[in-house]
Colleague: 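Before anything else, here's the structure in question.
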2 protein chains.
Amino acid sequence: MITETKTSLNEQTRERLLAVARVVFSENGFKQSTVREICRRAEVNIAAVNYYFSSKEALFAATLNFEPLLTLCKKINQGSVCAQERLLNFIHDFLMQLLDKNEFSMQCQFMARELAEPTPVLGKIVQEAIAPVHQFVANLVCEIVGNKISEAELRRCVFSILGQCVYYRHAQPVIQRLHPQLRYDHREIESIAIHIGEFSLAGLKKIAKNQCP
Amino acid sequence: MITETKTSLNEQTRERLLAVARVVFSENGFKQSTVREICRRAEVNIAAVNYYFSSKEALFAATLNFEPLLTLCKKINQGSVCAQERLLNFIHDFLMQLLDKNEFSMQCQFMARELAEPTPVLGKIVQEAIAPVHQFVANLVCEIVGNKISEAELRRCVFSILGQCVYYRHAQPVIQRLHPQLRYDHREIESIAIHIGEFSLAGLKKIAKNQCP
DNA sequence: GAATGTATCAAACGCTTGTTTTAAAGTCAA
DNA sequence: TTGACTTTAAAACAAGCGTTTGATACATTC
């Protein structure tokens, strides 16, 4: 006889479904993921998805969690270091969330996926996660270059920084074929963060100098 | 009575199928594109795909054409300008192929798509298009920084440059929502190319200085 | 203990996908 | 004109998808 109460069992099924869905969605994206695979890996009947979440799309929406990404930005703003240092910290933590296999960071990878494969919830993701991050980086860039650049140039600087970071996640299948020996362990991520940081700070300074010679 | 000969009619069907397939695949990617939509837009019977190409995948492979991308690299190497100038030219032309709505440039966009959505022909694409481009950029970087950086650092420099470029294509759905007024006309692409060029050259110089102080 | 509401399950539904079949139409040389 | 061949066409096929159904087992309440 099973001793657990009814509610704990229910939540167990629901939570297991959510946990597996997060993994599957982040692995294969929304469209490519199938309800059947999620249920199989969660050892749950197919009908459970519609029973607990009413649809695949609602399950996908329920797996979204932008807190790690937003708290990352907040935490970095709390420190009293200079803007350059804060940018370096952001790049490092952002890359960690993007590339580390940590299950808590997985949420952040939706952002990278969503860029290439828009789903019905793209609007929500842009509004609640991507836009704040872009604004956060834009503010940092403004501080670093001293508010002297145009809006268009500011936008391009933000794209340059985020583009470098996201490429590692986005182009992973290709990178793996180009450099099969490459692994994203902590040391490698650290090196990438330092590279992008130095590269970007130098770029920003050049842009600032160009606009105000 | 139709006056055209048999062979010209055949080729017309085949070619029309190929032309439409190129557009549809570049619009929606491989998986999302359907044989039915391609045939409908080409005003051709569904069975034509398997009759002329034997499968959807073979049709997709037949639409691949990396010549524009490879001739771009060759053409830039032919000039006798310095490496920095050649890098700026590459960034400009690469962005044009990535962002311009020119139908000849559409082929190049497969590369960006393939990064995020690997298909059965990814291996061929990497081998014949992506790897040569990476190598081309790596050679330019080597010339610019004077061969003084490690293999890992060289790889990261290439990623930084290509990552910035590809982001504009890759994140287009998101960018469109963040900046609805933004259009990729020739003037805008020109500005982006100048930005990425300056940004990257400054970054490369900093990396070179770091490694050899 | 009967009634009620919840959770699970196998099965099927309706739909779309890529692919195949089968027959008809057209082409062209002998 | 006949016969061989290529091209087109509508229909059907098998497989996969998200979703729904209806029955069953269970826990809780009266």
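Heavy-atom basis, side chains included; hydrogens, waters and symmetry copies ignored. Source: prediction; values computed, not measured.
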Colleague: Measure the distance from OH on B:Tyr51 to C1' on C:dA25 and round it to the nearest whole Å.
Modeller: 13 Å
Colleague: Check the distance between C:dT19's P and B:Tyr52's OH and give it to me in whole angstrom.
Modeller: 17 Å
Colleague: Check the distance between D:dT6's P and B:Arg14's CZ and give it to me in whole angstrom.
Modeller: 15 Å
Colleague: Round to a whole Å and report the spacing from CG of A:Asn28 to C1' of D:dG16.
Modeller: 15 Å
Colleague: Can you tell me the distance, in whole Å, between the CD atom of A:Glu15 and the C1' atom of C:dA7?
Modeller: 16 Å
Colleague: In whole Å, I'd like the distance from the CG atom of B:Leu59 to the P atom of C:dT17.
Modeller: 16 Å
Colleague: Using the side chain to side chain donor-acceptor pair (under 3.5 Å) criterion, which residues pair with B:Asn139? Sequence neighbours excluded.
Modeller: B:Gln135
Colleague: Can you tell me if the side-chain N/O atoms of A:Thr13 get under 4.0 Å from OP1 or OP2 in C:dT8?
Modeller: yes
Colleague: Taking side-chain contact (heavy atoms from CB on, under 4.5 Å) as the definition, give me every residue that meets it alongside B:Glu37, ordered by chain and number, with sequence neighbours left out.
Modeller: B:Val24, B:Asn28, B:Thr34, B:Arg40, B:Arg41
Colleague: Starting at CD1 of A:Ile38 and ending at P of D:dG16, how long is that distance when rounded to a whole Å?
Modeller: 17 Å
Colleague: How close or far is atom P of D:dA10 from atom CZ of B:Arg40, stated in whole angstroms?
Modeller: 15 Å
Colleague: Could you pull out all residues at least two apart from B:Lys31 that satisfy side chain to side chain donor-acceptor pair (under 3.5 Å)?
Modeller: A:Gln32
Colleague: Strictly by salt bridge (Lys or Arg N to Asp or Glu O under 4.0 Å), give each pair with a member in residues 43-59 of chain B just once, sequence neighbours left out.
Modeller: none
Colleague: Dump the pairs, protein N or O against N or O of nucleotides 18-21 of chain D, anything under 3.5 Å, distances to one decimal.
Modeller:
residue : atom : partner : partner atom : Å
D:dG18  : OP1  : A:Ser33 : O            : 3.3
D:dG18  : OP1  : A:Val35 : N            : 3.3
D:dG18  : OP1  : A:Lys56 : NZ           : 3.0
D:dG18  : OP2  : A:Val35 : N            : 2.9
D:dG18  : N7   : A:Arg36 : NH1          : 2.7
D:dG18  : O6   : A:Arg36 : NH2          : 3.0
D:dT19  : OP2  : A:Lys56 : N            : 2.8

Colleague: Looking at B:Gln127, I want to see if its CD is surrounded by more than 12 non-hydrogen atoms of other residues, nucleotides or ligands under 6.0 Å.
Modeller: no
Colleague: Among all residues two or more places apart in sequence or in another chain, which pass the side-chain contact (heavy atoms from CB on, under 4.5 Å) test with A:Ala152?
Modeller: A:Ser150, A:Arg155, A:Arg156
